[in-house]
Amino acid sequence: MSLKTWLRAGATAVLSLALSTTFAVAQGHGHGHDKHDRDDDDNRGHGRGHGHDHDRYSDHDRDQIRGWYRAHYSSLPPGLAKRDRLPPGLERQLVVRGTLPPGLQKKMQPCPPDLERMLPPPPPNYEHVVIGGNLVLLNRANFQIADVFHLEIN
């Protein structure tokens with residue numbers, strides 16, 4: 001075979017391999033995004049309502065939390081009162097999928113029992129805690145933050 005024939009065969013093989021991997025990724029069989037990917041600021045709670053694997057606060061949960069906060073605004077427990085708000089620099093440290101810094105670990109308060117009853121049970125090793133006017137879904141073992149809900153009346 002001549003050199004031109006070998007080059008054509010090689011170029012055809014490379015091109016067909018490149019196109020086949022492109023089609024596989026486009027069909028969802030590669031390493032592209034799928035329907036289970038979540039963005040950090042996606043608060044829609046698709047399919048994660050009561051009774052499901054609940055690692056974020058769904059829209060329904062957030063509505064329940066807002067309603068509870070409005071109803072109890074005049075007699076808020078420690079951690080939720082206006083005087084317990086975090087300074088902006090500390091509040092920026094409450095990052096979803098981040099780790100709770102030791103300084104904020106000291107400011108944790110338990111979630112009020114009547115609010116806790118309104119929420120779906122947290123996943124294993126997680127708990128609902130209050131930190132400076134924020135309801136936080138927190139991993140007790142490694143202090144990783146699963147979700148944060150800032151409480152205030154708009």
Side-chain angles (χ1 to χ4, degrees), residues 14 16-154:
V14 168
S16 65
L17 181 63
L19 288 176
S20 67
T21 57
T22 302
F23 289 131
V25 170
Q27 292 176 355
H29 298 294
H31 297 286
H33 298 289
D34 64 4
K35 67 180 180 179
H36 300 292
D37 283 347
R38 288 190 304 239
D39 193 4
D40 281 345
D41 56 4
D42 178 16
N43 293 327
R44 291 181 297 255
H46 297 290
R48 288 186 299 277
H50 296 279
H52 294 93
D53 182 28
H54 195 69
D55 59 348
R56 294 189 59 121
Y57 296 122
S58 69
D59 282 344
H60 179 263
D61 299 336
R62 291 171 185 276
D63 290 341
Q64 293 276 59
I65 296 166
R66 280 186 202 98
W68 179 89
Y69 188 74
R70 282 187 189 101
H72 293 84
Y73 187 73
S74 62
S75 61
L76 291 170
L80 289 176
K82 183 84 170 163
R83 69 186 184 296
D84 297 325
R85 296 283 182 214
L86 294 174
L90 289 178
E91 186 139 350
R92 280 192 290 272
Q93 295 179 12
L94 290 176
V95 179
V96 174
R97 295 190 187 146
T99 302
L100 189 66
L104 289 179
Q105 291 175 19
K106 296 174 187 171
K107 296 185 177 286
M108 285 189 329
Q109 299 285 333
C111 182
D114 49 341
L115 177 57
E116 182 89 35
R117 284 189 293 273
M118 294 174 73
L119 298 171
N125 291 330
Y126 282 80
E127 66 181 332
H128 303 285
V129 296
V130 174
I131 303 171
N134 299 280
L135 185 63
V136 179
L137 184 58
L138 185 72
N139 185 323
R140 291 182 294 233
N142 59 12
F143 292 101
Q144 184 176 12
I145 299 170
D147 203 1
V148 177
F149 183 78
H150 182 73
L151 293 163
E152 67 181 345
I153 293 184
N154 295 332

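All residue numbers in this chain count up from 1 along the given sequence.
A donor-acceptor pair under 3.5 Å links the side-chain atoms of Asn139 to the main chain of Ala141, judged by distance alone.
Residues Asp147 and Arg62 meet the side-chain proximity criterion, which asks for heavy atoms closer than 4.5 Å. The shortest distance between side-chain heavy atoms of Glu116 and Pro122 falls below 4.5 Å. Using a 4.5 Å heavy-atom cutoff, the side chains of Leu86 and Gln93 are not in contact. Contact check for Leu115 versus Val130: no side-chain heavy atoms found under the 4.5 Å cut-off. A heavy-atom distance below 4.5 Å is found between the side chains of Leu94 and Leu100.
Judged as a side-chain hydrogen bond (donor to acceptor under 3.5 Å, both in side chains), and not counting sequence neighbours, the contacts of Asp114 are Trp68, His72. Partners of Arg92 by side chain to side chain contact (heavy atoms under 4.5 Å, CB included), not counting sequence neighbours, listed by chain and number: Pro88.
Ile145 contributes atom CD1, which lies 7.5 Å from atom CG of Leu104 (distance to the nearest 0.5 angstrom). Annotation: the span from Asn134 atom CG to Gln109 atom CD amounts to 13.0 Å, rounded to 0.5 Å. Here the CD-CG distance, from Gln64 to Asp59, works out to 12.0 Å after rounding to the nearest 0.5 Å. Distance CD/Gln144 to CG/Leu137: 10.5 Å, rounded to 0.5 Å.
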message: Test side-chain contact (heavy atoms from CB on, under 4.5 Å) on Arg56 and Val96; report intermediate values, then the result.
response: CA-CA 10 Å; Arg56 294 189 59 121; Val96 174; 4.0 Å; yes

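Between Tyr126 and Arg140, the closest heavy-atom pair is O-NH1, 3.6 Å.
In this structure, Tyr57 and His128 have parallel ring planes: the angle between them is below the 30° cut-off, well short of the 60° mark.
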